[in-house]
Structure formats: C-alpha cells, structure tokens
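Only one structure is covered here, and it is reproduced in the block below.
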Amino acid sequence: MAKAFISSRASINSSSFSMLGGDTVITGDISASADLHVDGSVNGDISCNALVQGEGSDIAGAITAQSARIAGLVRGSVSAKEVVILKTARIEGDVSYDTLTIEQGARLEGRLSPAGGQMPPAIARLPASAPVEIKPELSEAAE
C-alpha cells in the first residue's frame, strides 16, 4: 500500500507545477523550472517557465517567464514570450513580449516592447527621465 502511495506521489511531482496560496507571503526571489501559480504576495523577482497570477495576488518585482498570465497587481517589469493581461490586472512597469493579449479593463502604466520576451539593453539601462543625446559622427569628407 505504501509503495502505491509513493509511486502516485512521484507522478504528481513530475507535472512540474507549484502553487503559492492566497495566505502566502514570500520575501525574496523565486526561481523555478516548473510552472508557477501565485495567489499570495511576492516581494522579489520571479523566474519560471509559466506564471499564472491570481486576481488577489500582489507581485513587487520583475517577472521573467516563457508565458505569463497576469490577473492581479504587478509592480515591476514583465518579460515573456507570451503575455496575457486579464481585465482584473494592474501592471506598474514595462512589458516585453512576443505575443500579447490585453483584455478590456486591464490597467497598464509602463511601456510595451515587442522584443521577443527580452527588454532591449539600451531601453533597460535608460532611466525614464534621462535625455538621450545624439552626436553626429564626423566623416573624412567633412575634414
């Protein structure tokens, strides 16, 4: 009987799915090779394969994933190949994506960047208020 329980438990773990309940508060970064469902609060960066955020969830940090389904509050950047922003979502940060779906009613305060799930390095390094100075190059003909 115990062997049957162990083998069925092993098959559950092979699904590679983790969940943080609504009463869970995490302070620190999360890195998971599994899919992650967050209903609680996270104060730190999240890196995982696929993120599903619940409506009452609060994430204060950067999200990096292959796919992200956002339904709660995110205060930080979201970088994923596939991003779905549900109508209950509020994002205060930049979103970088390959494919993007935004439901009517969602709130986004930040920039959208169709950059293959990667924030372009030049944009990521610039502070929001920094002016960009462009200097013309001198050519040999101008001498």
Side-chain angles (χ1 to χ4, degrees), residues 1-139 142:
M1 186 82 159
K3 288 182 182 180
F5 176 76
I6 291 170
S7 64
S8 67
R9 182 140 174 99
S11 66
I12 291 171
N13 288 337
S14 68
S15 68
S16 298
F17 181 82
S18 297
M19 182 169 181
L20 300 176
D23 61 341
T24 304
V25 177
I26 303 285
T27 301
D29 297 342
I30 298 173
S31 179
S33 58
D35 296 349
L36 183 62
H37 184 108
V38 177
D39 282 330
S41 294
V42 177
N43 295 311
D45 297 343
I46 297 176
S47 177
C48 62
N49 183 48
L51 174 71
V52 176
Q53 181 192 31
E55 285 185 28
S57 176
D58 178 6
I59 298 172
I63 296 170
T64 305
Q66 291 295 312
S67 67
R69 185 175 180 91
I70 309 297
L73 172 62
V74 174
R75 291 173 304 209
S77 63
V78 177
S79 180
K81 291 190 182 285
E82 179 184 359
V83 177
V84 176
I85 303 172
L86 301 176
K87 64 183 176 184
T88 57
R90 287 186 5 231
I91 300 176
E92 299 171 2
D94 297 340
V95 178
S96 180
Y97 60 90
D98 267 344
T99 60
L100 176 66
T101 303
I102 303 175
E103 286 186 350
Q104 185 174 355
R107 290 184 16 200
L108 172 64
E109 296 177 29
R111 294 176 291 188
L112 296 174
S113 175
Q118 300 271 332
M119 184 64 67
I123 293 175
R125 286 192 305 260
L126 284 177
S129 62
V132 177
E133 182 179 341
I134 300 173
K135 296 181 181 180
E137 292 186 31
L138 296 176
S139 66

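Note that these values count all heavy atoms, side chains included, but never hydrogens, waters or copies made by symmetry.
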Ser113 side chain reached by Tyr97 side chain, heavy atoms, under 4.5 Å: no

Roughly how far, to the nearest 0.5 Å, is the CZ atom of Arg75 from the CD1 atom of Ile59? 10.0 Å

To the closest 0.5 Å, what do you measure between CG (Leu100) and CD (Glu82)? 10.0 Å

How far does CD of Glu55 sit from NZ of Lys87, to the nearest 0.5 angstrom? 8.0 Å

How close do Ile70 and Gln53 get, counting heavy atoms only, and between which atoms? CG2-OE1, 3.0 Å

Kindly say whether Ala60 contributes a backbone atom to a donor-acceptor pair with the side chain of Asn43 at under 3.5 angstrom? no

Here the gap from Ile91 atom CD1 to Arg107 atom CZ, rounded to the nearest 0.5 Å, amounts to 11.5 Å

Looking only at heavy atoms, what is the nearest atom pair of Ser18 and Ala34, with distance? OG-CB, 4.3 Å

Could you report the tightest heavy-atom contact between Ala71 and Leu86, atom names first, then the distance? CB-CD1, 3.7 Å

Validation row: Ile30, Leu20 side chains within 4.5 angstrom (heavy atoms): yes

Determine, step by step, whether Asp35 and His37 satisfy the side chain to side chain donor-acceptor pair (under 3.5 Å) criterion, reporting the C-alpha distance in whole Å, the side-chain angles of both residues, the deciding distance to 0.1 Å, and the verdict. CA-CA 7 Å; Asp35 296 349; His37 184 108; over 6 Å; no

Heavy atoms only: give me the nearest Gly61-Val74 pair and the separation to one decimal. O-CG1, 4.3 Å

Heavy atoms of Ala106 and Ile102 approach each other most closely as CB-CG2, 3.9 Å

Would one find more than 12 heavy atoms of other residues, nucleotides or ligands at under 6.0 Å from atom CD of Glu103? yes

Please report the interatomic distance CG(Leu73) to OG(Ser41), rounded to the nearest 0.5 Å. 9.0 Å

Can you measure from OG1 (Thr24) to CE (Met19) and round to the nearest 0.5 angstrom? 8.5 Å

